[in-house]
Amino acid sequence: MLDMKFVRDNPDMVAKAMQDKGEEGELQEFLNLDEKRREKIFQVEQLKNRRNSVSEEIARSKKAGKDAGDMIQAMRRVSADIKALDEEIRRIAEDMESALLNFPNIPLEEVPIGHSEEENLPVRHVGEPPNFTLSPKAHWDLGRDLGILDFEAAGKVTGSRFVFLMGAGARLERALINFMLDLHTEKHNYREIFPPFMVHRHSMVGTGQLPKFEEDAFRVQHTDYYLIPTAEVPVTNLHREEILDGDKLPLYYAAYSACFRAEAGAHGRDTRGLIRQHQFNKVELVKFCRPEESNEELETLVRDAEEVLKLLGLPYRVVLMCTGDLGFAAAKKYDLEVWLPSYNMYREISSCSNFWDFQARRAGIRYRPGPGEKARFVHTLNGSGVAIGRTVAAILENFQEADGSVRIPPVLKPYMGGQERLLPE
RNA sequence: GGAGAGAUGGCUGAGUUGGACGAAGGCGCUCGCCUGGAAAGCGAGUAGACGGGGAAAACCCUCGUCUCGAGGGUUCGAAUCCCUCUCUCUCCGCCA
């Protein structure tokens, strides 16, 4: 959420951000309401001031044994007026709040302006796409032939966009989770978190999924709970409504979670395979830091996520997202894209974002810079470190052999009980 | 699911026959004194949001309003009375 005063003082910047991001918001209405609200506040405060001083006088009169009937009578009317005005202000503030919650974050200066992924800026490539003598199989075919992915069974039991991982496939999934968590906690100094997989509505609003993207979320019937679309939501909200100790910053957290996404509006896209599932696993990295540190923290966050792909030996590239691909809440975002032979292109496997104070303001996450100083909003960042399902797909496709087997990256060997290859089961 | 207790400022903890103020005390923290320096000790200070005015790149000053889990009610006036909700804790039951 943007600061109300910031919007008031910089409506042009807000309008530009909306345009560049391809978002819409009721900016003019907001500004009108803002003016109206201040007018009403001024009125009601004058009345309240009068009521307060007269009430004191009533108390004094009563103590002195005098009659205060007239004053009490007059204050009845004043109180009624106050009540009406307060109600009006409350309604205006509510409308302003809902407008404000729908204003997107302002992109940082260095973010390229653009409307489609064409205008994203590749930053660097690491590794080379493999050369296959035969045409490579897609991971869903490999998974079926190896007997480790069963989409049909999932369709029968649940529905489309779900999968059963079987045997070595299930173990590979678990191995990747453990490998990534170990890497980030032991080498990159993140604190491991195992969060709730459901959160209440306020948390979803805190990180920016709601109220704007209700249709993307799974809501649990008869409750206020939502299945988390990413561990970002519970972990960022871990410190909601808190004032953190400035000395403790930055805070680094790494969390495994299952992620649930309705994928509304993605009908017909990536219908096959592991790329777009309603449920997938992910190890997420979350940072809380001082505002002046967040630029640098984003760079190290990207490096931390990249190391996963480097150690696995997967070819990938880093791309700086243009304004149109930034998303609603981010001020700056890098995607890591892994090479997928079946698509013959790079596909997103991690998103690393700096949210500036956008989430912190929504969720009320502040820190005290020093003793006796005023609390300020932290900056929050997060990134996938990385998405597990897409990693499995990338491993299957990139490391497939002509005989239909798949090499398991050496770093995973200890996590696979020494197994080095996936063979048909 | 049943019975009970509680939710106050950065933390802890008073305040419930409604009218002395955001609210005693303690801790923490800041500044000053003390000291060669530190600790202890002594003194002063220490919530936030919003609105008006002033000063103004930021920090700031001043007046006012609101905030004692959230929302509503009673009242001229509520942290203090009533209602609803949420959360926490204890005991019992059930259960992975």
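Lettering of chains follows the sequences in order, A, B, ..., and the numbering in each one begins at 1. When reading the values below, keep in mind they use all heavy atoms of this one structure, side chains included, and skip hydrogens, waters and symmetry mates.
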Strictly by Watson-Crick or wobble contacts shorter than 3.5 Å, is anything paired with [N], and which nucleotide is it?
N	value
C66(B)	G48(B)
G10(B)	C27(B)
G93(B)	none
C76(B)	G19(B)
A40(B)	none
U35(B)	none
A55(B)	none

C34(B) to A79(B) separation - C1' atoms, rounded to the nearest Å: 41 Å
Which whole-number value in Å describes the distance from [X] [atom1] to [N] [atom2]?
X	N	atom1	atom2	result
Lys48(A)	C50(B)	NZ	P	15 Å
Leu85(A)	C66(B)	CG	P	13 Å
Ile89(A)	G64(B)	CD1	C1'	14 Å
Leu33(A)	G51(B)	CG	C1'	17 Å
Leu47(A)	G52(B)	CG	P	16 Å

Short side-chain N/O contact to C66(B) OP1/OP2 from Asn49(A), under 4.0 Å: no
OP1 or OP2 of C50(B) under 4.0 Å from side-chain N/O of Arg38(A): no
Ion pair check, Glu263(A) and Arg276(A), cut-off under 4.0 Å: yes
Short N-O contact, Asp20(A) and Lys16(A), less than 4.0 angstrom: yes
Distance flag, aromatic centroids of Phe358(A) and Phe328(A), threshold under 6.0 Å: yes
Neighbour count above 12 (heavy atom, 6.0 Å) for Arg124(A) CZ: yes
For Arg421(A), all residues meeting salt bridge (charged side-chain N to carboxylate O under 4.0 Å, His left out), sequence neighbours excluded: Glu401(A)
All salt bridge (charged side-chain N to carboxylate O under 4.0 Å, His left out) counterparts of Asp86(A), not counting sequence neighbours: Lys48(A)
Please list, for nucleotides 74-76 of chain B, all pairs of protein and nucleotide N/O atoms separated by less than 3.5 Å.
residue : atom : partner  : partner atom : Å
C76(B)  : OP1  : Arg76(A) : NE           : 2.9
C76(B)  : OP1  : Arg76(A) : NH2          : 2.4
C76(B)  : OP2  : Arg76(A) : NE           : 3.3
C76(B)  : O3'  : Ser79(A) : OG           : 3.3
C76(B)  : N4   : Lys62(A) : NZ           : 3.4

